[in-house]
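Beneath this line is the structure, given in structure tokens, with notes to follow.
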Amino acid sequence: MSKTEMRQPTFLILTALARSPHHGYSLLAETKKLSGGRVTLKPGSLYATLDRLQEEGLVQDAGEEIVTGRLRRYYSLTDDGATALKREVDRMEAATDLARKSLQTRITGALA
């Protein structure tokens with residue numbers, strides 16, 4: 001994975017999977033919850049993202065089960081996925097620190 005900014009749906013999916021394996025429907029609900037309702041993934045975009053993340057080695061299959069006649073496929077975070085998520089968290093923290101310092105400079109400059 002490149003060192004560029006991670007897309008928000010990817011960040012939310014990896015964050016959800018960092019806690020525990022999830023099946024698709026569960027990931028839809030969890031990403032919405034993690035985003036405070038701001039991000040609502042559609043099933044098609046979720047599965048396209050999961051396919052891409054599997055190809056990149058960030059997510060892996062974690063089993064299947066049949067529930068009320070429907071197949072549930074579970075996904076889990078790989079070690080590379082955890083590393084990518086940590087790198088994105090670090091990038092976001094650095095950006096947040098920079099913004100806080102800029103705001104503080106603005107506030108102290110206004111008081112001078």
Side-chain angles (χ1 to χ4, degrees):
M1 173 152 239
S2 70
K3 293 185 180 185
T4 61
E5 181 176 332
M6 187 179 284
R7 289 180 241 156
Q8 189 173 28
T10 298
F11 177 78
L12 293 170
I13 291 167
L14 295 181
T15 299
L17 292 175
R19 294 179 180 178
S20 64
H22 286 274
H23 57 82
Y25 180 77
S26 174
L27 278 171
L28 292 173
E30 188 67 13
T31 55
K32 185 173 185 175
K33 178 180 166 186
L34 287 169
S35 71
R38 292 182 322 273
V39 176
T40 303
L41 297 176
K42 303 283 188 223
S45 61
L46 171 68
Y47 289 107
T49 301
L50 286 168
D51 287 345
R52 178 180 54 80
L53 294 173
Q54 283 184 299
E55 288 173 14
E56 293 175 359
L58 305 181
V59 168
Q60 63 189 2
D61 287 329
E64 298 176 340
E65 70 177 342
I66 305 247
V67 177
T68 60
R70 299 191 71 177
L71 178 67
R72 281 189 182 167
R73 179 171 289 125
Y74 286 82
Y75 301 88
S76 64
L77 192 66
T78 64
D79 290 343
D80 286 346
T83 298
L85 180 59
K86 168 93 170 69
R87 187 174 33 236
E88 181 64 4
V89 168
D90 291 346
R91 186 199 65 76
M92 293 169 78
E93 285 177 341
T96 300
D97 289 346
L98 181 60
R100 280 194 181 107
K101 288 175 185 172
S102 294
L103 285 169
Q104 187 60 39
T105 299
R106 182 178 195 280
I107 291 167
T108 56
L111 296 176

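Note: hydrogens, waters and symmetry copies are ignored here, and every other heavy atom, side chains too, is used.
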- [ ] Kindly write out the residues that satisfy side-chain hydrogen bond (donor to acceptor under 3.5 Å, both in side chains) with D51, not counting sequence neighbours, or none if the list is empty.
- [x] none
Open item on the list: I'd like to check the side-chain contact (heavy atoms from CB on, under 4.5 Å) partners of E55; sequence neighbours left out, ordered by chain and number.
Closed with: none
Open item on the list: Measuring from atom CG of L17 to atom OG1 of T31, what distance do you get when rounded to the nearest 0.5 angstrom?
Closed with: 10.0 Å
Open item on the list: For a quick test of reading the model, state the closest non-hydrogen atom pair linking L28 to P43 and the distance between them.
Closed with: CD1-CG, 4.1 Å
Task: Nearest-0.5 Å distance that lies between atom CD in E88 and atom CD in Q8 - done: 10.5 Å
Open item on the list: Within the structure provided, determine whether L27 and L50 are in side-chain contact (heavy-atom separation under 4.5 Å).
Closed with: yes
- [ ] Enumerate the residue pairs fulfilling ring-ring contact (aromatic ring centres under 6.0 Å, His included) with a member in residues 79-107, sequence neighbours excluded, ordered by first and then second residue.
- [x] none
- [ ] Applying salt bridge (Lys or Arg N to Asp or Glu O under 4.0 Å), name anything that partners K86, two or more places apart in sequence or on another chain.
- [x] D90
Task: Distance, nearest 0.5 Å, that separates NE2 of H23 from CG of L71 - done: 11.0 Å
TODO: Kindly write out the residues that satisfy side-chain hydrogen bond (donor to acceptor under 3.5 Å, both in side chains) with H22, not counting sequence neighbours, or none if the list is empty.
DONE: S26
TODO: Apply side-chain contact (heavy atoms from CB on, under 4.5 Å) to T40 and list each qualifying residue two or more places apart in sequence or on a separate chain.
DONE: K32
Open item on the list: How close do G81 and L14 get, counting heavy atoms only, and between which atoms?
Closed with: O-CD1, 4.2 Å
Task: Test side-chain contact (heavy atoms from CB on, under 4.5 Å) applied to A82 - qualifying residues, sequence neighbours left out - done: L77
Task: Sequence neighbours excluded, every pair satisfying ring-ring contact (aromatic ring centres under 6.0 Å, His included) that has a member inside residues 49-71 - done: none
Open item on the list: For residues 70-79, which residue pairs pass the side-chain hydrogen bond (donor to acceptor under 3.5 Å, both in side chains) check, not counting sequence neighbours?
Closed with: Q60-S76, E64-R73, E65-Y74
Open item on the list: Just to verify, what does T49 make a side-chain contact (heavy atoms from CB on, under 4.5 Å) with, not counting sequence neighbours?
Closed with: T10, I13, R52, L53
Open item on the list: If you define the side chain from C-beta out and look only at heavy atoms, does anything of M6 sit under 4.5 Å from R87?
Closed with: no
Task: side-chain hydrogen bond (donor to acceptor under 3.5 Å, both in side chains) partners of R19, counting only residues at least two apart - done: E30
Task: Test side chain to side chain contact (heavy atoms under 4.5 Å, CB included) applied to D97 and R100, step by step - done: CA-CA 5 Å; D97 289 346; R100 280 194 181 107; 4.0 Å; yes
- [ ] Kindly write out the residues that satisfy side-chain hydrogen bond (donor to acceptor under 3.5 Å, both in side chains) with S45, not counting sequence neighbours, or none if the list is empty.
- [x] none
Open item on the list: Any heavy-atom pair between the side chains of V89 and F11 that's under 4.5 Å?
Closed with: yes
